[in-house]
Protein chains: 2
Amino acid sequence: MDKRIALEAFAALSQETRLDVLRLLIRAGGEGMLAGDIAVALDVRQNTMSTNLAVLHRAGLVRNERQGRAVRYFADMAGLRSLLSFLMEDCCGGAPDLCRPVLDALVCDC
Amino acid sequence: MDKRIALEAFAALSQETRLDVLRLLIRAGGEGMLAGDIAVALDVRQNTMSTNLAVLHRAGLVRNERQGRAVRYFADMAGLRSLLSFLMEDCCGGAPDLCRPVLDALVCDC
DNA sequence: CATTTATATCTAGTATTCTTGATATATGGA
DNA sequence: TCCATATATCAAGAATACTAGATATAAATG
């Protein structure tokens, strides 16, 4: 992953509405959510939400699919994975014992 | 984890110098690095680096220990873990199949 | 206790980002 | 084609963040 994209991704997540959106979409899973429904769910105005969705999209954190005249958004798990991998790069090489608990916490047993 | 802290952490990581610092400290592992050495390694002025280290510290991403008249900084792996857990919360409940690859990528075999 | 070294804080100018009203684009239906 | 619905873009004022010079604090040393 390019550092520039990583910075964009973290900047995207540093804003409350956008963090809420990504967590909402992560919970929504493969079904995703329509842009309008996201705006309603989080009580944010339409154009503000559209701007924020665009920021998340540019940062590689969400995908979307047009569906009729609506647009369905999904958390981009591949993008998220590469972001987290970029952050943890060389963690194990330097300190396996410190690294392990961090990574273990992310292994859910589903 | 409190959402406010999560937002602070992502904001901290959205700035190039601070992202570089955390990745440097993650690679440095348990030995950490002295504040001054971090500044030299990344070619950033002393006071700017001090400010940025303070931001990372407030965000729960680094720890420090005074060592004589220097201060040694470490990546705060526990803080990082809780941040990532906060982000991925309920991922499995909603979509195990999408969630798994993300988490697997973070499991290093060291 | 004066000096040196290492780090932290304060302040102000500059730059970036956020929100929102207004408006544009895109799709579907009558 | 005309209208309604869904989303995106534009522009500008307000708020926030970044950097760096100056200076303060903290610890070691002579």
Would you say B:Arg58's side chain and B:Gly60's backbone share a donor-acceptor pair under 3.5 angstrom? no
Nearest-nucleotide 5' precedence on DNA chain C, A:Thr48 against B:Arg66: B:Arg66
Using a 3.5 Å distance criterion without hydrogens, assess whether the side chain of A:Asp76 forms a donor-acceptor pair with backbone atoms of A:Gly79. yes
Would you say A:Gln67's side chain and A:Ala70's backbone share a donor-acceptor pair under 3.5 angstrom? no
Mark yes or no for whether A:Ser50, through its side chain, and A:Asn47, through its backbone, hold a donor-acceptor pair below 3.5 Å. no
So, A:Arg18 side chain and A:Ala11 main chain: donor-acceptor pair closer than 3.5 Å or not? yes
Could you tell me whether A:Arg72 contacts a base, only the sugar-phosphate backbone, or nothing, with contacts defined as non-hydrogen atoms closer than 4.0 Å? nothing
Could you give the start and end, 5' to 3', of the contact zone on DNA chain C for chain A, using atoms under 4.0 Å from its heavy atoms? C:dC18 to C:dG28
Which residue lies toward the 5' end of DNA chain C, A:Gln46 or B:Ala70, if each is placed at its nearest nucleotide? B:Ala70
Under 3.5 Å, side chain of B:Arg72 to main-chain N/O of B:Glu31, donor-acceptor pair present? yes
Check whether any side-chain heavy atom of B:Lys3 lies under 4.5 Å from a side-chain heavy atom of A:Asp20, and answer yes or no. yes
Check every nucleotide of DNA chain D for an atom under 4.0 Å from a heavy-atom of chain A, then give the first and the last such nucleotide from 5' to 3'. D:dA4 to D:dT9
B:Met33 vs B:Val21 side-chain heavy atoms within contact, under 4.5 Å: no
